[in-house]
There are 2 protein chains.
Amino acid sequence: MKKEYSETEIKIKTAAKSLFLKKGYSATTTREIAKESEINLALLNYYFTSKWKLFEIIMFETLFEFLSKMVEVYNDEKTSLEEKIKLTCEKYIDMTIAEPLLPTFVLNELKNNPTSFLKMPSTKMIMSSRLVAQYQEGVKKGIYTQVEPIHFVTNIMSLIVFPFMCSPILKKMEKLNTKEFNTLMLERKKSIPKWIIKMIKK
Amino acid sequence: MKKEYSETEIKIKTAAKSLFLKKGYSATTTREIAKESEINLALLNYYFTSKWKLFEIIMFETLFEFLSKMVEVYNDEKTSLEEKIKLTCEKYIDMTIAEPLLPTFVLNELKNNPTSFLKMPSTKMIMSSRLVAQYQEGVKKGIYTQVEPIHFVTNIMSLIVFPFMCSPILKKMEKLNTKEFNTLMLERKKSIPKWIIKMIKK
DNA sequence: TTTTTTATTAATCATTTGTTTAATTCAATT
DNA sequence: AATTGAATTAAACAAATGATTAATAAAAAA
């Protein structure tokens, strides 16, 4: 039972999300949000009560959308482990190229406010996913080396996400513009699955 | 020619760094810094002109200190590539356990202000380091697979740093307290070098 | 000691910020 | 057409914030 948002509410949410991603919660003012979404300042509180409430809604929806997409791949019944890894890379690299500010934003706000997001859409779904089960099957069969599943999952995400978070540094180091940087990231769609397989294979 | 700081200046800088790391630049107020460092509010501007100038000094010193330590390992003449990887993991994991908020803080502020840190202590030193040269030698000899050095360097840092940035998520997923989380990270001191070697070996 | 410079303080200023208000416009219902 | 309720607006409020001032205390130089 998703809430239906009016046109105005959507305008506010869209502008707010864009600004929060770019500047973070604290550096974003309600007046900026009002200006960007072309609504009157008072409407923000009229519809969302407070800046913080608005932020919570946006954060929750963003995390939920992301986790849903991820778990979808992780739990696919038809695909093998190696296919899942490949699909994860492809999907998530595309997603991050489309919204490159999101990972740093999320992890930073989560750091600033670790408790307030305990209501976060269940993260347990990852460790109990088919991806993890398939990895553990492989370990039993002696195909893969024995490593804690949490490391396995973390490694995949690390190799995918972290380079995006370092984009200001990487761009400077290699004198890349955004397009060139994205090309570099797209290369990793093919490389990361190979690396991961090599890491876990005996 | 490092600037000599008075006792008061050090008190201000220490408190400011701690608060900036915890809450970020925007969410930290000058009054908080004054209170935490037990100095009068006006002294902040007396010694550092403005909040932003103080921030820039702290940011520069922090980055410089970190990069120096890293390049030190990267350029060691005595060690082999595999030893360098091992030492990097050990050193950097210890450093991050000691100051776990730093990576997210740095990358987030860098995102918010990518241009202002172009004066950043030369990042080129990494790509021209002995570590990278040794990797490329290995590629020529046919020991390692041919991958762009930038990917090689990025992968090492990704596997080391990203898990720390995800600590709020990992802690929740596995129901870990800080001590247990750190144990998990310490495990990676031994694992990551193995994984990296597997990744690059033919 | 006297003078001068430096360090520290409390008080204040001018903006900015999140939020609220009361009035007005707009749309739907009777 | 009249009435009711929701949507929108301009104006204002109270608190917070970065910065400055002018006065005082402490330290250094004369």
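In what follows, every chain begins at residue 1, and chains take the letters A, B, ... in the order their sequences are listed. From a predicted model like this one, the values you see are computed outputs, not experimental measurements.
- Ring-plane geometry between B/Phe162 and A/Phe162 is classed as perpendicular, the angle between the planes exceeding 60 degrees on a 0 to 90 degree scale with a lower cut at 30.
- The residue B/Ser6 sits apart from the nucleic acid: no heavy atom pair falls under 4.0 Å.
- In this entry the distance linking OH of B/Tyr47 with P of D/dA19 reads 18 Å, nearest Å.
- Relative ring orientation between B/Phe164 and B/Phe181 is described as perpendicular, the plane-to-plane angle rising above 60° on a 0-90° scale split at 30° and 60°.
- A/Phe66 has its ring centre less than 6.0 Å from the ring centre of A/Tyr92.
- DNA chain D is contacted by A/Asn40, A/Ala42, A/Leu43 of residues 36-45 of chain A, taking any non-hydrogen atom closer than 4.0 Å.
- Phosphate contact (OP1/OP2 of D/dT17, side-chain N/O of B/Thr30, threshold under 4.0 Å): absent.
- Checked for salt-bridge contact, A/Lys171 and A/Glu180 miss the test: no charged N lies under 4.0 Å from a carboxylate O.
- Near DNA chain D, meaning a heavy atom under 4.0 Å from it, residues 10-17 of chain A has no residue at all.
- Between A/Lys23 and A/Glu32, at least one side-chain nitrogen of the basic residue sits less than 4.0 Å from a carboxylate oxygen of the acidic one, meeting the salt-bridge criterion.
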*asked:* The test is side-chain contact (heavy atoms from CB on, under 4.5 Å); show your working for A/Ile33 and A/Ile12 and say whether it passes.
replied: CA-CA 7 Å; A/Ile33 297 172; A/Ile12 296 172; 4.2 Å; yes
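- Here B/Thr28 lies in heavy-atom contact (under 4.0 Å) with sugar-phosphate atoms only.
- Contact annotation: A/Tyr46 does not reach the phosphate of D/dT8 (side-chain N/O to OP1 or OP2, under 4.0 Å).
- No side-chain donor-acceptor contact under 3.5 Å links B/Lys202 and B/Thr145.
- Between A/Phe20 and A/Phe55, the ring-plane angle classifies as perpendicular under the 30° and 60° cut-offs.
- Summary of the strand contacts: B/Arg31 and B/Thr8 both lie near DNA chain C, and taking for each the nucleotide with the nearest heavy atom, the more 5' one is attributed to B/Thr8.
- Rounded to whole angstrom, the span from the CD atom of A/Glu7 across to the C1' atom of D/dA7 amounts to 13 Å.
- The environment of A/Lys91 atom NZ is dense: over 12 non-hydrogen atoms of other residues, nucleotides or ligands sit within 6.0 angstrom.
- Salt-bridge check for B/Lys11 with B/Glu38: failed, with every basic side-chain N at 4.0 Å or more from each acidic carboxylate O.
- The cationic group of A/Lys13 lies under 6.0 Å from the six-membered ring centre of A/Tyr5 and within 45° of the ring axis, placing it in a cation-pi geometry.
- Bounding nucleotides for the chain A contact on DNA chain C, 5' to 3', at a heavy-atom distance below 4.0 Å, are C/dT17 to C/dT21.
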